[in-house]
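Notes for the one structure printed next.
Numbers here simply count residues along the sequence, with the first being 1. Because only heavy atoms are used, hydrogens play no part in the values below, and waters and symmetry mates are left out as well, while side chains stay in. This one's a predicted model, so the numbers in the text were calculated from it and none came from an experiment.
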Amino acid sequence: TYEKVANDISYGFLFNKYTLLNTPSPKGQNNTTKLKYQKISNKDIYINEYIIHNKGNFYDEDGNYYDWVELYNNSSKDIELNNLYLTDNPNTLNKYKLPNITLKNNEYIIIYLSGESKTIDDTIYANFKLSKDDELILSNGKKIIDKVKIIDLPDNISYGRKDGTWYYFTSPTPGKINNTASFTSLGGTKWAY
């Protein structure tokens, strides 16, 4: 018997017992290291900001304006991202496996939601896009770490956390602390400082 195995992870015999393996080795000896799961909660790492209509706010090195999501490591330890997943489907928690990158404590990372899965240098592109009414979910492949209900946003407006509360940002801050003017609603005068 074996447990549910995430994408690109195998289950095999190593060190006299069956275990999850980081690197599958078909037709070869299981000499890879055992998969180590970090115990991570939404207090350690969470979805910090996103934009779904990026029309000129933040672009990649090729000048493309993809929608994006920002993750933040709120913990005092480094977090290995290769054991984490992003998805827009609560029934498929392992839709996009994050690459083998270490997110240092108090560091931010941007993932472009381009619809194709690739990593170029430190630029990450996920294999899905977001639209209003989706859910954006960060998981370990089995359990949800953090999730956000996507709301429809005007062009170039982001939605992000500031002091634990979600606000609209007319000046998004990808890869940085959300410290620009923030609003509890749009079209009115409800400011938050």
So is R161 actually on top of Y167's ring, under 6.0 Å and inside 45° of the axis? no
Are the side chains of [X] and [Y] in touch, meaning some heavy atoms are under 4.5 Å apart?
{"X": "L130", "Y": "D67", "value": "no"}
{"X": "P174", "Y": "W68", "value": "yes"}
{"X": "N140", "Y": "N83", "value": "no"}
{"X": "F169", "Y": "N178", "value": "yes"}
{"X": "L98", "Y": "L86", "value": "yes"}
{"X": "Y108", "Y": "E49", "value": "no"}
{"X": "P154", "Y": "L186", "value": "yes"}
{"X": "L81", "Y": "I109", "value": "yes"}

Counting N and O atoms only, with roles assigned by atom type, does the side chain of [X] sit under 3.5 Å from a partner on the main chain of [Y], one being a donor and the other an acceptor?
{"X": "D88", "Y": "E135", "value": "no"}
{"X": "N54", "Y": "F58", "value": "yes"}
{"X": "N100", "Y": "N82", "value": "no"}
{"X": "K149", "Y": "D133", "value": "yes"}
{"X": "D134", "Y": "S131", "value": "yes"}
{"X": "S114", "Y": "E116", "value": "yes"}
{"X": "N156", "Y": "G56", "value": "yes"}

Would you confirm whether the ring centroid of W166 sits within less than 6.0 angstrom of the ring centroid of Y159? yes
Distance-only polar pair, side chains of T123 and D60, donor-acceptor under 3.5 Å: no
Looking only at side chains, do S75 and N73 share a donor and an acceptor under 3.5 Å apart? yes
Are [Y] and [X] connected in a single hydrophobic cluster, I mean Ile/Leu/Val/Met/Phe/Trp/Tyr linked by side-chain heavy atoms less than 4.5 Å apart?
{"X": "I101", "Y": "I79", "answer": "yes"}
{"X": "I150", "Y": "L153", "answer": "yes"}
{"X": "I151", "Y": "F128", "answer": "yes"}

Nearest 0.5 angstrom please: [X] [atom1] to [Y] [atom2], how far?
{"X": "Y66", "Y": "Y112", "atom1": "OH", "atom2": "OH", "answer": "9.5 Å"}
{"X": "E70", "Y": "S158", "atom1": "CD", "atom2": "OG", "answer": "8.5 Å"}
{"X": "I110", "Y": "D122", "atom1": "CD1", "atom2": "CG", "answer": "12.5 Å"}
{"X": "T180", "Y": "K162", "atom1": "OG1", "atom2": "NZ", "answer": "6.5 Å"}

To check you understand the geometry: which heavy-atom pair defines the closest contact between [X] and [Y], and what is its length?
{"X": "I47", "Y": "L138", "result": "CD1-N, 4.2 Å"}
{"X": "K104", "Y": "E107", "result": "N-OE1, 2.9 Å"}
{"X": "S139", "Y": "I145", "result": "C-CD1, 3.8 Å"}
{"X": "K142", "Y": "L93", "result": "O-CD1, 3.4 Å"}
{"X": "L84", "Y": "I45", "result": "CD1-CD1, 4.0 Å"}
{"X": "T87", "Y": "K95", "result": "OG1-CB, 3.3 Å"}

Would you sort out whether T170 and F183 count as a side chain to side chain contact (heavy atoms under 4.5 Å, CB included), showing the intermediate values? CA-CA 8 Å; T170 56; F183 302 85; 3.7 Å; yes
Those residues that, when tested against T119, pass side chain to side chain contact (heavy atoms under 4.5 Å, CB included) (two or more places apart): Y96, P99, I124
If you count heavy atoms of other groups shown closer than 6.0 angstrom to NZ of K118, is the number above 12? yes
Surrounding CG of D152 (heavy atoms of other residues, nucleotides or ligands, distance under 6.0 Å), is the total greater than 12? yes
I need the single residue from D44, D146, N106 that forms a side-chain hydrogen bond (donor to acceptor under 3.5 Å, both in side chains) with Y72. Which is it? N106
Would you please test E61 and I120 for side chain to side chain contact (heavy atoms under 4.5 Å, CB included) and show each step? CA-CA 10 Å; E61 64 273 355; I120 302 169; 4.3 Å; yes
Where do Y125 and I111 land on the side chain to side chain contact (heavy atoms under 4.5 Å, CB included) test, with the steps shown first? CA-CA 6 Å; Y125 300 84; I111 296 104; over 6 Å; no
Could you go through the side chain to side chain contact (heavy atoms under 4.5 Å, CB included) check for D78 and N105 one step at a time? CA-CA 5 Å; D78 296 348; N105 66 310; 4.0 Å; yes
